Amino acid sequence: MTTTTHLNPAGIEVRPISGVHGAEVDGIDLSTDLDDEAVAAIRSAFVEHHVLVFRDQDLSPEQQLAFGRRFGELDTHPFVEGNADHPELLDVVTVPEDRINFGGGWHTDVTFLDEPDLGSILYAVELPPTGGDTLFADQQAAYDALSPTMRGMLDGLVAVHTAGPQYAEGGQSTKSAEMSTKNSDLAARTVEHPVVRTHPESGRKGLYVNRAFTTRIRGLARAESDAILEFLLTHATHERFTCRVRWEPGTLTMWDNRSVQHYALHDYAGHRRHMRRITVQGDRPR
Ligand code: SIN
């Protein structure tokens with residue numbers, strides 16, 4: 001039986017977890033049929049804090065999907081096989097023998113799409129005894145920290161993104177032994193996005209390049225593009241722009257792909273980790 005949560009937005013406790021971004025949200029059971037006021041309160045906290053962590057949630061796949069749909073249409077990963085019963089749901093699994101893990105490098109989800117996902121919602125099912133944290137880097141704080149001259153130079157630039165290095169045949173795919181890729185023949189396609197993205201809800205500007213999928217800056221010589229991209233990619237993930245989520249079984253974290261990069265640490269070799277991921281469709285970056 002589903003119940004309706006009538007939540008006064010002021011009744012949700014939002015506690016920041018770092019000086020830049022990320023917050024834990026208490027006082028809400030995501031398995032219930034949330035009312036519009038509760039969803040609006042979560043969305044507002046999401047846009048403000050970029051990364052929201054909900055502890056002690058007991059969610060079936062269907063309940064996680066229903067929660068995600070309150071924020072928009074769900075996406076299906078173009079290059080990784082989804083769950084057999086729910087194609088929009090990715091079982092992100094690392095098995096003890098894996099030497100690499102899905103998401104094990106700084107990236108923003110699916111920027112190789114014309115309309116990359118607005119956000120991702122990850123639920124912890126099974127965790128190693130220790131480790132397996134996820135790091136997040138605030139791309140708006142990284143942009144704000146640049147000099148006005150650098151910001152002015154970047155504002156008009158456009159970058160090329162592709163899934164090729166990860167998902168094309170022979171690519172260095174981050175999948176683990178228990179995850180399967182698909183459509184590798186389509187992965188080399190390129191798309192272009194602004195180097196600096198304006199968040200459609202907050203109006204804040206943030207860097208929008210990442211090491212996994214951004215290959216070059218349009219209109220620059222290769223050496224110029226390489227040098228500027230290397231500077232930006234290093235700057236964008238500096239420790240001072242990050243927060244870190246330590247998972248417990250039943251933790252759900254949702255992050256705003258329009259304002260953060262993330263990195264799934266693989267410091268638990270010999271152990272299994274199973275997360276369920278869904279993603280909400282986004283718009284064309286501007
Ligand atoms: C991902 O990149 O979506 C996976 C994050 C994680 O497993 O912590």
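As the structure lists them, so they are numbered: ligands from 1, and atoms in each ligand from 1. Here the structure is a predicted model, which is why all the values come from computation and not from measurement.
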Quiz: residues 65-74 side-chain donor-acceptor pairs under 3.5 angstrom, not counting sequence neighbours:
from: Arg69; atom 1: NH2; to: Glu88; atom 2: OE2; distance (Å): 3.0
from: Arg70; atom 1: NH1; to: Leu34; atom 2: O; distance (Å): 2.4
from: Arg70; atom 1: NH2; to: Asp36; atom 2: OD1; distance (Å): 2.8

Would you say the side-chain atoms of Thr111 and His161 include a donor-acceptor pair closer than 3.5 Å? yes
With a 4.0 angstrom cut-off on heavy atoms, strictly below it, pick out the residues next to ligand 1 and order them by chain and number. Val92, Phe102, Gly103, His107, Leu122, Thr134, Trp255, His262, Ala264, Arg273, Arg277
Considering only residues two or more places apart or on different chains, which pairs with a residue in residues 230-240 satisfy salt bridge (charged side-chain N to carboxylate O under 4.0 Å, His left out)? Arg211-Glu230
Surrounding CZ of Arg216 (heavy atoms of other residues, nucleotides or ligands, distance under 6.0 Å), is the total greater than 12? no
Output field: ring centroids His77/Tyr167 closer than 6.0 Å: yes
Under 3.5 Å, side-chain donor or acceptor atoms of residues 14-24 against the rest of the protein: list the pairs with distances, not counting sequence neighbours.
from: Arg15; atom 1: NE; to: Asp26; atom 2: OD2; distance (Å): 3.1
from: Arg15; atom 1: NH2; to: Asp26; atom 2: OD2; distance (Å): 2.9
from: Ser18; atom 1: OG; to: Val20; atom 2: N; distance (Å): 3.1
from: Ser18; atom 1: OG; to: His21; atom 2: N; distance (Å): 3.1
from: Ser18; atom 1: OG; to: His21; atom 2: O; distance (Å): 2.8
from: His21; atom 1: NE2; to: Phe136; atom 2: O; distance (Å): 3.3
from: Glu24; atom 1: OE1; to: Arg55; atom 2: NE; distance (Å): 3.4
from: Glu24; atom 1: OE2; to: Arg55; atom 2: NE; distance (Å): 3.2
from: Glu24; atom 1: OE2; to: Arg55; atom 2: NH2; distance (Å): 3.0

